[in-house]
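Down below is the structure, laid out as structure tokens.
Both backbone and side-chain heavy atoms feed into the values below; hydrogens, waters and symmetry mates do not. Chain letters run A, B, ... following the sequence lines, proteins first, then strands; residues in each count from 1. Predicted model only: the values in this text are computed from it and were never measured.
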Amino acid sequence: MNIEQLEEIIRELTDGFDAENFIYDLLLAYELPKASITRLRKGTSNLGKGDCDLLWKNRVCYAHHDSADLHGLVDQLKSNSRVKSAKPRFVVVTDGETLLASDTKTDDSLETPLSDLAKHFDFFLPWAGMEKSQLRSESVADIRAAEKMGRLYDLILESNPPKTDTERHSLNIFLARLLFCFFAEDTRIFAEDQFTKAIDSHTAPDGSDLQQYLTRLFKVLAVEDRRDLPKYLADFPYVNGGLFCDEHPVPKFDVQSRKIILDCGSLNWRDINPDIFGSMIQAVVHSSERGNLGIHYTSVLNIMKVIEPLFLESLRAELDKAGSNRKKLESLLERLYRIRVFDPACGSGNFLIIAYKELSKLEIEIFQRIYGDQQSFQFESKIQLTQFYGIEIDGFAAETAKLSLWLAEHQMNLAFESVFGSARPTLPLHDGGHVAHENATRIDWEEVCPSDSENEVYILGNPPYLGGKSQSAEQKSDMDLVFENAKNCGQLDYIASWFMKAARYVSENANARSAFVTTSSICQGSQVPQLWPLVFRLGVQIHFAHKPFKWSNNAKGNAQITCSIIGLANQPDAVVIYDDHGKRNVRFINAYLAPGVDVIVAPTAKSLSALPTMITGNNPYDGKNLLLTSPERESLLAKHPEMEKWIRPTFGSSNFLSGIDRWCIWLEDEDVEAAMKIPEIAKRIDKTRQFRASGGEVARGLVSRSHQFRYTHTAKSNSIIVPAVSSEKREYIPIGFLDNRAIILHSAMAIYDPPPWVFGVVSSRLHVTWVRTVAGRLKTDLRYASALCYNTFPFPDLAESQKQEIESCVFGVIDSREEHPEKTLSDLYAPSKMPGSLREMHQRLDETVERCYRSKPFKDDDERIEVLLQRYSELIIRGSKADA
DNA sequence: AATCCGACAGTCC
DNA sequence: GGACTGTCGGATT
């Protein structure tokens, strides 16, 4: 949703107020579903029935009365029983002049002349799914400004397309300078509206001389000498070198682009929040990311989750200990000035800005403790932007980061002034942050942020996540460089580069520590054995970790990802695990972000415990042409009953768990000739061929046998199916037996022709506990992989009698499931719905399986995992000895 | 030859 | 619109 458009639409609605349609058009403006509104307009789904003009469940209750006591009307509607049961989010009433609205969830109310409604558009944003708590007023300002800047950027690009990197760089700098001027004239760096007014009155409306004017002005801002300048330029203060020193060409303008500059100037930049504004601007400027404004910027909450454990908690602890002891406070100040904050993927600088602000707040607190409120003293912050370092691959973001740091410095100067009555002057600008426009995976970090035994270096940030298959060729070669072509690293996420480089930096500097927000997947499943042995080999430890949490920020569409935060240190003084509920001190954090045992489980091709082979199900590679739904199968069979023998029941994870029938065309080579005579089959095979021919390398290799799946594994008598992904909420992973007609798809694992007791092993609580530790995840759900979960599972050799005991329990489980033929496995294994009898049968099975390990029952899952890891380590050692 | 992954993706209410 | 829960192609091993 575009906020500017929204405002515009509402303005039109109120300017030409149309009593009949007003409320419907208002709802449409918030992008509520058109079809529903059409139905409401017709009256068919309006629940109002005379009490009000419109009543829409969960959304709105609306009434229009020309001469009504609006407050009375709202109260009356709110207490009406029909309205109550419809639970409308808003009750809206108007007399055609004034509009009164009440938010039933937050109890906020809005009373405004109808003509001013557009100004209060944010009141109804919950209709569009944006809650007020998520959308603070300053972020409305941010979004509005970002959208305007995006338009300006487009226009400038159109008439000044950059041809070279130098030109692109100049354009970035120009925009950063422009932003500075907008901000400056609203926050007392310049005189009020000085910049916009100057353009308005000193340049031609057609934009023709704006380029010349800005070129001159930017030059003037960089020189101290104000003599020999016309007054309208001399009135601007000296800003300095940093931002304005080099000469960069200013783009050409026309009527439109000049007008947008003036529009931008009229926005209220005082409310802009440099923490996130930079990210929004960046998103707007990169058209590919437009529409998901700032989807990847890190929320302040998540930034705090990084910087608090990394250094803030330690600084605060030192402050507490210092109390009012002047000496200790002064030494803490010295420590503040020795801190270096380094974000090697800084984007537009969010982390650096928040870190800067937090350190400044701490400095203010210390000053207050030392000097009280002695107004006479000249307090000046001694925290320098030069303590902040960044690397950013995108040129525009790098410029925005530098600029945002200056803006943040100015904001903190104002904060200083409001506490102490004076502060260091913002102008001329001090030296800025060290933000290198470089590829962080390539450049030596010491070159950007040199370590120094005197200083404390904190490396932090939220580097980019890109799975092994989503990386570009260049990013792949970045990875090769960082990992020095180490073996079996090809599937690592791109972010692993940052961990590797941080580990190297930290391992060489006792005073350096790092912490990144990361995709959780580097601590799960197959990436663990790829990355962490290399990190731990450097002598680095995880000194704190935040357990996986769902990514969220205030952007419209949040990224679909589960994150963790991981801190690395050389010699940690404490090791702490955080989750959403709090923190706890532990002795050691392993690569799975679990406390305790230092074990990494590597995938193996064969079961370490000699369990029968489990392999991935058959991957069809058919473009959905060899697979059939039940109706498709029935209509085929109606015409060609002889096809029955070539149609097999088919199971992936999903339809196995939810009990939906699926089918596939399954032909042996010798069947092809006969089958091709049936036009429907010939058509499907041909479509499969076309699909494969236009696919990747693997697909093209399968063109010549398009009548078959990529793999054609089947059971002689029966098989066990294990879903590849299963909800983490289930106590057990639901697995099942299938007959020899069944085809298992590659969204599930298969053991063909197994002895029945294996079902008991894989179903057992002991095994699920193992899987929860070592498996990869899809969000937080378990992802079952044979090489990681099954082949690594340590299981004792069984006597025949033990196998029989387990088998009898297995049949108990099966029988108990069959007592509920109407229920799907998904129903049966939902934790809240699991039938008591089934749970009992599983418990009996668990006890039997666990007795294979030892006679004494296990106390809890912690003990189970400890014993399993212990046995795993022994198996690995025995295995490596056997190899040698 | 077989795998394990996805700044995810489809479905349901 | 968000709660819920697992597809499918394929570069890598």
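In the set B:dC4, B:dT3, C:dT7, B:dC4 carries the atom at the smallest distance from any side-chain atom of A:A787. Among C:dT7, C:dG10, B:dG6, the nucleotide with an atom closest to any side-chain atom of A:R783 is B:dG6. When distances are taken from the side chain of A:S653 to each of B:dT3, C:dC8, C:dG6, the shortest belongs to C:dG6. Of the candidates B:dC4, C:dT7, C:dT5, B:dC4 carries the atom nearest the A:S786 side chain, counting heavy atoms from C-beta on. Side-chain proximity of A:T616 to the nucleotides C:dG6, C:dG10, B:dA2 is greatest for B:dA2. Distances were taken from every side-chain heavy atom of A:Y711 (C-beta onward) to each of B:dT3, C:dT5, C:dT12; the shortest belongs to B:dT3. Side-chain proximity of A:K476 to C:dT5, B:dC8, C:dT12: nearest is C:dT12. For A:F691, taking side-chain heavy atoms from C-beta onward, the closest of the listed nucleotides C:dG9, C:dG10, C:dT5 is C:dG9. Picking from B:dA7, B:dC5, B:dG6 the nucleotide with the shortest atom distance to the side chain of A:S521 gives B:dG6. Which of C:dT12, B:dT3, B:dC8 sits closest to the side chain of A:Q491 comes down to C:dT12.
Using a 4.0 Å cut-off, no side-chain N or O of A:K469 falls inside it from OP1 or OP2 of C:dG9. Proximity of A:S526 to the phosphate of B:dC5: a side-chain N or O atom is located under 4.0 Å from OP1 or OP2. Between A:S747 and C:dT7 there is a side-chain polar atom (N or O) within less than 4.0 angstrom of OP1 or OP2.
Note: OH (A:Y790) to C1' (B:dT3) measures 17 Å, nearest angstrom. Between the CE atom of A:M749 and the P atom of C:dC8 there is a distance of 14 Å, given to the nearest Å. Between the CG atom of A:L825 and the C1' atom of C:dG6 there is a distance of 15 Å, rounded to whole Å. One atom, OH of A:Y465, and another, P of B:dC5, lie 18 Å apart when rounded to the nearest Å. A:D781 has its CG atom 16 Å from the P atom of B:dC8, to the nearest Å. Summarising the geometry, the separation between NE2 on A:H713 and C1' on B:dA1 is reported as 8 Å, rounded to the nearest angstrom. Computed from coordinates, the A:Q475 CD to C:dA11 C1' distance equals 15 Å when rounded to whole Å. One atom, CG of A:D827, and another, C1' of B:dC12, lie 14 Å apart when rounded to the nearest Å.
A:K624 and A:E632 are not joined by a salt bridge, as no carboxylate oxygen comes within less than 4.0 angstrom of a charged side-chain nitrogen.
With hydrogens and angles left out, the side-chain atoms of A:T519 and A:D493 include no donor and acceptor closer than 3.5 Å. For the residue pair A:T824 / A:S826, no side-chain donor-acceptor distance below 3.5 Å is found, with atom types taken as modelled. Side-chain polar atoms of A:R772 and A:Y592 form no donor-acceptor pair below 3.5 angstrom.
Between A:H842 and A:Y732, the two ring planes are parallel [angle under 30°; tilted spans 30° to 60°]. Classification of the A:H546-A:Y578 ring pair by plane angle, with boundaries at 30° and 60°, yields parallel.
A:K487 comes within contact range of no nucleotide atom at all, as no heavy-atom separation falls under 4.0 Å. Using a 4.0 Å heavy-atom cutoff across all strands shown, A:I615 reaches sugar-phosphate atoms only and no base atom. Contacts of A:A724 with the nucleic acid, taken as non-hydrogen atoms under 4.0 Å apart, are absent. At a threshold of 4.0 angstrom between heavy atoms, the contacts of A:R730 are confined to the sugar-phosphate backbone, with no base atom among them. Using a 4.0 Å heavy-atom distance criterion, A:L745 is classed as making no nucleic acid contact. At a threshold of 4.0 angstrom between heavy atoms, the contacts of A:K624 are confined to the sugar-phosphate backbone, with no base atom among them. Nucleic acid contact for A:R692: none, since no nucleic acid atom lies under 4.0 Å from a heavy atom of the residue. Contacts of A:P464 with the nucleic acid, taken as non-hydrogen atoms under 4.0 Å apart, include base atoms. Within the nucleic acid shown, A:G490 comes within 4.0 Å of sugar-phosphate atoms alone, with no base atom in reach, counting heavy atoms only. Across all strands, A:N462 comes closer than 4.0 Å to base atoms (heavy-atom distances). At a threshold of 4.0 angstrom between heavy atoms, the contacts of A:C789 with the nucleic acid are absent.
Mapping A:L32 and A:S658 onto DNA chain C via the closest heavy atom, the residue that lands nearer the 5' end is A:L32. Comparing A:N488 and A:K779 along DNA chain C, the residue whose closest nucleotide (by nearest heavy atom) sits nearer the 5' end is A:K779.
Between A:F124 and A:L27, every side-chain heavy-atom pair lies at or beyond the 4.5 Å cut-off.
No N or O donor and acceptor, one from the side chain of A:E697 and one from the base of C:dA11, sit under 3.5 Å apart.
With A:K501 contributing its side chain and A:T441 its backbone, the two residues share a donor-acceptor pair below 3.5 Å.
Of the C1' atoms belonging to B:dA7 and C:dT13, the separation is 25 Å, rounded to the nearest Å. Look at the C1' atom in both B:dC8 and B:dC4: the space between them is 15 Å, to the nearest Å.
Pair check for C:dG9 finds B:dC5; Watson-Crick or G-U wobble, both atom distances under 3.5 Å. Across all strands shown, C:dG2 is found opposite B:dC12 as a Watson-Crick or G-U wobble partner, with both distances under 3.5 Å.
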